[in-house]
Amino acid sequence: MKPSPNTLPVEPVSPDGPGDEDRNLALRAGKGDAAAFGALYDRYVEAVYRYVFYRVRNDADAEDLVSDVFLRALRAIPRYEPRVAFLAWLYRIARNAVIDRARRSRTQISFEDALAHPNVDQIVEPDATILALSDKEAVRGALAKLTPLQQEVIVLRFVEGYSTLEIANLVGKREGTVRGIQFRALEALRTLIPSREALA
Amino acid sequence: MNDRRSPLLERPVMREQFRKELRSRLMSEAVVAIAPQPGRFSFPTMLRPAFAVAALLVLVLAGATSAAASSLPGDPLYAVKRASEDVRLALTFDDVARTQLLSELTDRRLEELAEIAKKRPSSAPTATQEYADAVTNFANALDKLRDADSEDKRNAAQALAEAARAKHKAVLDEVKDQLPADAQSDVQKVNDNEQERTSPVTNPGRGGGEGGGGRPSNAPPKPTPKR
């Protein structure tokens, strides 16, 4: 596999993260402590931005979505349940925001049913280097045509660097299911992203 | 969770300006969205069911009291109506306010009597007795007020007595003919008693009783008020 084009330091945020500290901040925020909410914002705004970035058409849409996510989180924080890791809770809000936006634009095409569903035990991860070799606008355009769950798995896996088990915990699916979704998403992307050879 | 990998896709970075603007917007919104409400009171979780039951009882009682308000002597809910009046009386400690309330209750008994005359003349004796009891209570309260040291209280007693006397005579004159013959005489007796007991008392020593007239000459002499 070719090296990652990413030039930034790799600091993936764990869904388990600094759990207790997050929970305490979230509980304080829920009781009206705006500074605690500000601290959570500072900690996770970049993660949310990365989460939504490849799932919309342009940077402005990504910023709109980030605003939407944090405004929703602000209104929902009094009802936050500390049993759930804060980042998982925040991703859930982000997921709903992305889905709501996709429903409004109705641009994505589902490859979930179009592709064969292999037995998850037999899944061999498809070559994902096409993502590394493509520019982000091409990836973004292709991702926009996947289902929200496929988009989410691809972003969490290939932008945030989570393991499939961590993604399974975040999205509330079995690890095998996540691997299946990832497989089908990569297969779809290979058909949607033109290869450099073809473009040359 | 040990197969975390380096990101394959470029990790986008958000504009610093946007990050700052959104933070400042969120902090402004937080003041409204999550700031604690100063007047908000929250029952302890364990007590919520008890408060819910209490609230339900209050609603039921309020509904029953509301339904009882239009009941007449002889109705099943009439006792509820009278009980709520007794509670009001028991909680009224000022002499003038208490006399005012007794005057209102006497009005109410008379209104009931008028309703009974129209709808259910057979219940007239019960209603008449209720009216007589109300007159007695009102007159006793008036006597107490007339004996008060405060001139204001004595004047208030006089005003209440005059208003009640005029009103009740007019109402009784109107409804008396609609009552059964035997009830008519009873009502008349009660009203005569009321007219007598609420008439101004000539008491030069107190300086009250403006309006003149005094008690009817055939009325029994009122005992000298206690000082």
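Naming convention: chains lettered A, B, ... in sequence-line order (proteins, then strands); numbering from 1 in each chain.
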#### Entry: For B/Arg23, all residues meeting side-chain hydrogen bond (donor to acceptor under 3.5 Å, both in side chains), sequence neighbours excluded
A/Asp42

### Query
Would you call A/Phe70 and A/Leu90 a side-chain contact if the rule is heavy atoms closer than 4.5 Å?
yes

### Query
Between A/Phe86 and A/Tyr44, does the ring centroid distance fall short of 6.0 Å?
yes

### Message
I'd like to know if the side chain of B/Lys81 and the backbone of B/Ser71 have a donor-acceptor N/O pair within less than 3.5 Å.
### Response
yes

### Query
Side chain, backbone, both or neither: which part of A/Tyr41 has an atom under 4.5 Å from a heavy atom of chain B?
side chain

## Note on the structure
Of B/Thr128, B/Asp133, B/Thr136, the one forming a side chain to side chain contact (heavy atoms under 4.5 Å, CB included) with B/Val190 is B/Thr128

### Query
Charged N to carboxylate O under 4.0 angstrom, A/Asp22 versus A/Arg43?
yes

### Query
Relative to A/Phe53, does A/Arg140 satisfy both conditions: NZ or CZ under 6.0 angstrom from the six-membered ring centre, and within 45 degrees of the ring's axis?
yes

### Query
Which bit of A/Val155 comes within less than 4.5 Å of chain B, counting heavy atoms only: side chain, backbone, both or neither?
neither

### Message
Determine whether a donor-acceptor pair (N or O, by modelled atom type, separation under 3.5 Å) exists between the side chain of A/Arg55 and the backbone of A/Arg95.
### Response
no

### Query
Contact part of A/Ile77 toward chain B, heavy-atom cut-off under 4.5 Å: side chain, backbone, both or neither?
side chain

### Summary
Greatest number of non-hydrogen atom pairs under 4.5 angstrom with chain B, of A/Ser67, A/Pro78, A/Ala62, falls to A/Ser67

### Query
Is any residue of residues 86-98 of chain B within less than 4.5 Å of chain A by heavy atoms, and which ones?
none

